[in-house]
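See structure below.
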Amino acid sequence: MCGIVGCILKEDNDVAPILFDCISKLEYRGYDSIGLATFDEGNIYIKKDKGKIEEVDHKLNLSDMPGSFGIAHVRWATHGDPSKLNSHPHVDEDTSIAVVHNGIIENYLEIKEKLTLEGHVFKSDTDTEVIPHLIQKFMNEKFDLEHAVRKTIDIIEGAYAIAAISKNEPDKIVATRKDSPLIVGIGEEGYYLASDSPAILKYARDIIYPERGEIVIIDRDGVVVHDEFDNVVNKEIDTINWTPEMAEKEGYDHFMIKEINEQATAVRNTLTQKDNIQEIIDDVGDIQRICFVACGTSYHASLTGKYLIESLAGIPTDVILASEFKYSANTLNENTLVIFISQSGETADSLKALDVANQTSKTLGIVNVAGSSITRRAQYVIQTQAGPEIGVAATKTYVAQLTSIYLFAALLSKNVELLKEIEKVPDFIDETLEDIDFIKDISKRYNYARDFFYLGRGYSYPTALEGALKLKEITYIHGEGYAAGELKHGPLALIDEGIPVVVIIPPGDNYRKTMSNLEEVKSRGANVLAIGSSDDESLKAKSDDVIAINADVKEIIAPLVYIVPLQLIAYYITIEKGHDPDKPKNLAKCVTVE
Ligand code: M6R
């Protein structure tokens, strides 16, 4: 959902190579266009164009710009098509101010109309362009850059993280945020701004997190943060424990396949959160209802949580899409624990819901990105330990979310047996990954399909939904996940000769009924690809293909292991089709608009 970066170097060295390096690390946030603005000897220099970073760099040589401070942007288009004109940075008429922005200015049309009447001329279709014009207007009225930005945010409505430079106030970047992420990095060679930490890990790991409405001023001497009354705020400095290498491909072809391969480690590291989770459970007190709130993949992890908590702890549990949450707000009370699951901790729908839930209930965030907005606004936090996830398709963060949820459910219900089973998961994942070549070959054979179905019962139903989501988002093949028992209530009509049906069928209570559903689709001509136990001979006889999982993986923990082949199927079909799995079209890693 757009990424922004800013940097000012202490010495007078060229900043463009650093800006380019940092913004390249945020390509997962938007790949419609890229642009940089730097300042040197009284002028602002801009290079920008539509297209992926590599293409634009090839054309414009983005690292070759003068100046020791500047800003940069990658765009996920909201207002105006991906084009050079709509690319950031945006400027005022005489290029005295340059601005990068992540978010949406909801009232931009009325501001634009007003400024046009005052003589301002706009060149783009973006909402962002009103920002440099407003800053220019206030600087013309003799406000300095900081106060012109302050006056501007009094007018604009919506979500934003903004960084601005002015040629009339050199050696300074002014930034602010509301409902879009922004971090400030303090490095040895300079000071940095970014939408997300992977951008600046190589240069700075001491981080400040500005709050909504605070104004950040960075210059060669350091960082100052002002609150809305112009008072200096003494911000805490956190140190990120992620390393720059963690945000690199490290020899893999894509981040997605690297991250799939890191899943055992993600689970192992997240298991270290057990004591923290126990403390939260002890502290949270009497809970009569649990509500999970999330989007996308995190929603599927939450659904697994409902099955676990209701069956093990007997606490009524709902799972609500964050974007639909407000309709349930009246049902919350102080005995409800609302659990927000989010990889990024910055998803706008989830943040809006969190603000609502905080008014009545206890709130817990299960989040991967340290210091993100959900971690700062939820009353309790469980930090998943997946490390930075760059691929747009969530993989290792999903298993890390599941690990936290499993620990939570097991500790809540004092289920020692389940705790023991969870400990085995990393080895089961690694063992499944040993079959990667076999899964790759199978995936190639399913590349022909236009539609896929994924079936699972009980704990395997959310896995079916997640498998279908992975397929849709990166292969662009239509995939539907269904509760296996539901198929006969309508969708069975869609099953035809050769249509692939992926059946998730671990050994356990649901096995026999799922097998009946498998036979129903098989007898109607479906091509059945089953994910089941390695010792299940009957499954091998009845399916076209079987991906075998260690027979010791019990149904209850199957979601943590059976998802691995589904991720791989989506990945290898995508490769076969020649798409980029890390940057699926129309999507972005962090969805900061509602
Ligand atoms: O950062 P979040 O977990 O809050 O993001 C929610 C969804 O946008 C996200 O899970 C999305 O569905 C996945 N990237 C898809 O793989």
Side-chain angles (χ1 to χ4, degrees), residues 1 24 26-32 51-55 74 76 82 247-263 266 296-298 300 343 386 388-399 429 432-454 463-481 498-504 527 529-531 544-545 547 562-591:
M1 272 309 114
S24 300
L26 293 186
E27 196 174 17
Y28 63 86
R29 299 179 69 89
Y31 21 94
D32 289 330
K52 291 197 175 155
I53 291 182
E54 218 180 276
E55 296 157 18
V74 283
W76 185 85
E248 300 289 345
K249 283 192 201 140
E250 293 182 310
Y252 286 94
D253 290 341
H254 300 99
F255 281 109
M256 183 175 175
I257 192 68
K258 175 189 176 224
E259 288 157 3
I260 289 173
N261 276 285
E262 287 172 341
Q263 295 191 105
T297 293
S298 304
H300 298 151
Q343 178 279 132
E389 187 178 71
I390 312 292
V392 165
T395 53
K396 63 173 178 172
T397 55
Y398 176 68
V399 295
I429 290 179
T432 307
L433 283 166
E434 283 167 17
D435 282 342
I436 205 158
D437 290 335
F438 174 71
I439 299 171
K440 181 176 174 178
D441 287 344
I442 288 194
S443 307
K444 283 185 188 162
R445 286 194 276 110
Y446 284 83
N447 172 24
Y448 68 88
R450 288 186 53 194
D451 302 282
F452 262 73
F453 286 89
Y454 289 73
T463 310
L465 294 176
E466 177 57 10
L469 177 62
K470 288 288 91 83
L471 183 87
K472 278 185 268 217
E473 68 180 322
I474 60 171
T475 66
Y476 316 143
I477 296 173
H478 169 240
E480 289 293 335
I499 199 161
V501 179
V502 180
V503 184
I504 298 129
N527 226 342
L529 166 53
I531 322 288
D544 296 277
D545 290 294
I547 296 173
Y562 277 56
I563 189 59
V564 176
L566 304 186
Q567 297 163 338
L568 289 169
I569 290 167
Y571 175 76
Y572 284 116
I573 293 180
T574 306
I575 300 306
E576 198 63 15
K577 286 187 170 294
H579 304 315
D580 182 346
D582 288 342
K583 301 185 203 84
K585 68 172 188 240
N586 306 336
L587 301 182
K589 183 76 183 158
C590 179
V591 186

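Throughout, residue positions are numbered sequentially from 1 according to the sequence presented.
Closest approach of Tyr448 and Gly498 over heavy atoms only: OH-O, 2.7 Å. Residue Pro565 comes nearest to Thr432 through the heavy atom pair CD-CG2, 3.9 Å, listed as atom of the first residue, atom of the second, then distance. Closest non-hydrogen pair, Ile429 versus Val564, comes out as CG2-CG2, 4.1 Å. Of all heavy-atom pairs between Tyr454 and Ala464, the closest is CB-O, 3.4 Å. Minimum interatomic distance between Pro388 and Ala247 (heavy atoms only, all atoms of both residues): CG-N, 4.1 Å. Pairing each heavy atom of Arg29 with each of Trp76, the nearest pair is O-CB, 3.7 Å.
Ion pairing between Lys583 and Glu27 holds under the 4.0 Å rule for side-chain N and carboxylate O.
Atom OG1 in Thr475 sits 11.5 Å away from atom NZ in Lys470 (nearest 0.5 Å). Atoms CZ and CD1, from Arg450 and Ile477 in turn, are 10.5 Å apart once rounded to the nearest 0.5 Å. In this structure, Ile390 CD1 and Asp582 CG are separated by 9.0 Å, a value rounded to the nearest 0.5 Å. Annotation: the span from Ile575 atom CD1 to Asp580 atom CG amounts to 7.5 Å, rounded to 0.5 Å. The CG atom of Leu465 sits 9.0 Å away from the CD atom of Glu480 when rounded to the nearest 0.5 Å. Taken to the nearest 0.5 Å, the OH atom of Tyr572 stands 14.5 Å off from the CG atom of Asn447.
For Lys585 and Tyr476, the positive end sits near the middle of the six-membered ring, less than 6.0 Å away and at most 45° from its axis.
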Walk me through whether Asp441 and Lys444 qualify under side-chain contact (heavy atoms from CB on, under 4.5 Å). CA-CA 5 Å; Asp441 287 344; Lys444 283 185 188 162; 4.2 Å; yes
**OP:** Verify side-chain contact (heavy atoms from CB on, under 4.5 Å) between Lys249 and Phe255, making sure each step is shown before the conclusion.
**Re:** CA-CA 6 Å; Lys249 283 192 201 140; Phe255 281 109; 3.7 Å; yes
(request) Walk me through it: do Ile531 and Val502 pass the test side-chain contact (heavy atoms from CB on, under 4.5 Å)? (result) CA-CA 7 Å; Ile531 322 288; Val502 180; 4.1 Å; yes
Run the numbers on Ile569 and Ile439 for side-chain contact (heavy atoms from CB on, under 4.5 Å), then give the verdict. CA-CA 7 Å; Ile569 290 167; Ile439 299 171; 4.2 Å; yes
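The backbone N or O of Leu568 lies less than 3.5 Å from no partner atom in the side chain of Lys440, so there is not a single donor-acceptor pair. Listed for the Lys577 side chain is no donor-acceptor partner under 3.5 Å among the backbone atoms of Ile474. Of the possible polar contacts, one joining the Lys396 side chain to the Ala386 backbone as a donor-acceptor pair under 3.5 Å is found. Tyr31 places a side-chain N or O within 3.5 Å of a backbone atom of Leu587 that can act as its donor or acceptor partner. Glu259 places no side-chain N or O within donor-acceptor distance of the main-chain N or O of Ala394, the cut-off being under 3.5 Å. Between the Gln263 side chain and the Val399 main chain, no donor and acceptor come within less than 3.5 Å of each other.
Summarising the local packing, CD of Glu250 is surrounded by more than 12 heavy atoms from other residues, nucleotides or ligands at distances under 6.0 Å.
With 3.5 Å as the limit, one finds no donor-acceptor pair spanning the side chains of Gln343 and Ser298. The closest side-chain donor-acceptor pair between Thr397 and Glu389 falls under 3.5 angstrom.
Using a 4.5 Å cut-off on side-chain heavy atoms (C-beta onward), Met256 and Thr395 make contact. Between Asp545 and Arg445 there is a side-chain heavy-atom pair separated by less than 4.5 Å. Contact of the Ile436 side chain with the Ile260 side chain is not registered, since no non-hydrogen atoms from C-beta on lie closer than 4.5 Å. No side-chain heavy atom of Asn261 sits less than 4.5 Å from a side-chain heavy atom of Lys258.
Ring pair Tyr446/Phe452 is tilted by interplanar angle, where 30° to 60° counts as tilted. Ring pair Tyr571/His254 is perpendicular by interplanar angle, where above 60° counts as perpendicular and below 30° as parallel.
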